[in-house]
Amino acid sequence: MASRKAAGKAAAKRAQRGSSNVFSMFEQSQIQEFKEAFSCIDQNRDGIISKSDLKETYMQLGKMNVNEDELDEMLKEGKGPINFTVFLSLFGEKLNGTDPEDSILSAFKILDPDATGNINKDELKHFLMTQADKFTAEEVDQMFAVTPIDVAGNIDYKSLCYIITHGDEKED
């Protein structure tokens, strides 16, 4: 009987550590942003993201015909009710579950159809300033200041990936 109690306490401590650990993965400002996102998705404000919450969120975003199977798959990722801690854990797993260097390399490879390992500086600048989360000219200049660029104006994107993920050696 005593060993069952000890095992139960140990499991409770692991669960507590696991949930408190997720908060240490993010800065306070990030946690606040996740909290805001969670509140936007939790349409009925019951503290749990449900299928109807997801449907309503999609409808607000203009997607009226949401695939039920997709919604079920999203909810299954939580392995139970998705409260804020589970929501945060899911993002933590997604963000920490991928090697950022591999992800960044894959993105650069899209811009390198000939697989040369290089991207032209001007093409990259144009892409960064016109696509998705557009960079400003100042942001591009800041990036190029630490980017290895050869005399022909090409960037070795593997070196750039290393700098992005590990920092610039010159900063030490």
Side-chain angles (χ1 to χ4, degrees), residues 1-113 119 124-140 142-143 157 160-161 164-167:
M1 179 77 169
S3 64
R4 257 198 272 166
K5 271 189 180 177
K9 281 185 179 180
K13 282 219 182 272
R14 277 194 307 275
Q16 183 182 6
R17 258 197 322 266
S19 66
S20 65
N21 216 6
V22 72
F23 289 95
S24 67
M25 293 170 64
F26 301 103
E27 293 177 19
Q28 196 57 43
S29 60
Q30 292 174 302
I31 292 171
Q32 187 56 40
E33 288 177 22
F34 284 124
K35 190 106 177 129
E36 290 171 21
F38 181 85
S39 295
C40 289
I41 298 168
D42 182 18
Q43 297 287 319
N44 63 6
R45 305 284 182 253
D46 66 352
I48 304 288
I49 294 177
S50 65
K51 193 176 200 176
S52 63
D53 290 330
L54 290 174
K55 256 188 196 177
E56 183 65 31
T57 301
Y58 271 111
M59 287 184 4
Q60 287 180 356
L61 295 171
K63 187 170 180 181
M64 301 302 167
N65 300 323
V66 186
N67 182 327
E68 294 285 325
D69 292 338
E70 272 183 60
L71 297 176
D72 289 334
E73 285 301 311
M74 286 181 201
L75 291 171
K76 274 188 208 169
E77 286 189 47
K79 297 176 180 75
I82 301 176
N83 61 18
F84 180 66
T85 304
V86 172
F87 182 78
L88 201 57
S89 296
L90 290 171
F91 275 95
E93 287 170 12
K94 294 286 184 201
L95 295 173
N96 293 324
T98 59
D99 181 359
E101 198 163 353
D102 286 346
S103 300
I104 295 167
L105 268 176
S106 295
F108 278 123
K109 285 178 183 176
I110 292 169
L111 303 174
D112 181 23
I119 301 173
L124 180 59
K125 181 176 183 174
H126 175 76
F127 184 81
L128 291 172
M129 294 179 69
T130 60
Q131 303 297 314
D133 290 336
K134 296 173 182 69
F135 277 46
T136 65
E138 183 180 325
E139 290 170 327
V140 172
Q142 287 173 353
M143 184 187 80
Y157 60 82
L160 179 57
C161 283
I164 291 169
T165 56
H166 298 92

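In this chain, residues are counted from 1 in sequence order.
Side-chain contact between Ile41 and Phe87: present, with at least one pair of heavy atoms (C-beta onward) separated by less than 4.5 Å. You'll find the side chain of Leu71 reaches within 4.5 Å of the side chain of Tyr58, heavy atoms only. Residues Leu54 and Leu75 meet the side-chain proximity criterion, which asks for heavy atoms closer than 4.5 Å. At least one side-chain heavy atom of Phe23 sits under 4.5 Å from a side-chain heavy atom of Thr85. No side-chain heavy atom of Met129 sits less than 4.5 Å from a side-chain heavy atom of Glu139.
Within the model, atoms CE of Met59 and NZ of Lys55 stand 8.5 Å from one another, a figure rounded to the nearest 0.5 Å. From Asp69, atom CG reaches atom NZ of Lys76 across 8.0 Å, with rounding to the nearest 0.5 Å. Separation of atoms CD (Glu33) and OG (Ser29) is listed at 6.0 Å; rounding is to 0.5 Å. Here CE of Met74 is found 11.0 Å from NZ of Lys51. Values are rounded to the nearest 0.5 Å. Ile49 contributes atom CD1, which lies 10.5 Å from atom SG of Cys40 (distance to the nearest 0.5 angstrom). Interatomic distance, Lys35 NZ to Ile31 CD1, rounded to the nearest 0.5 Å: 10.0 Å.
Glu27 CD: 12 or fewer foreign heavy atoms inside a 6.0 Å radius. Within a 6.0 Å sphere centred on CD of Glu68, other residues, nucleotides and ligands contribute more than 12 heavy atoms.
Side chain of Asp53 to main chain of Asn44: a donor-acceptor pair is present (N/O by atom type, distance under 3.5 Å, no hydrogens or angles). Although no hydrogens or angles enter the test, the distance criterion places no donor-acceptor pair under 3.5 Å between the side chain of Asp112 and the main chain of Lys109.
Take Phe135 and apply the ring pair (Phe, Tyr, Trp, His ring centres under 6.0 Å) test, not counting sequence neighbours, and it matches no residue.
The two residues Cys161 and Ile104 have their closest heavy-atom pair at SG-CG2, 3.3 Å. Counting all heavy atoms, side chain and backbone alike, Ile82 lies closest to Gly78 at CG1-CA, 4.0 Å. Val86 and Pro81 get closest at one heavy-atom pair: CG2-O, 3.7 Å.
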Criterion side-chain contact (heavy atoms from CB on, under 4.5 Å) on Glu36 and Gln32, from CA distance to verdict: CA-CA 6 Å; Glu36 290 171 21; Gln32 187 56 40; 3.7 Å; yes
Audit row: Leu124, Phe108, side-chain contact (heavy atoms from CB on, under 4.5 Å) steps and yes/no: CA-CA 9 Å; Leu124 180 59; Phe108 278 123; 4.0 Å; yes
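Taking the six-membered ring for Trp and the full ring otherwise, the centers of Phe34 and Phe38 sit at least 6.0 Å from each other.
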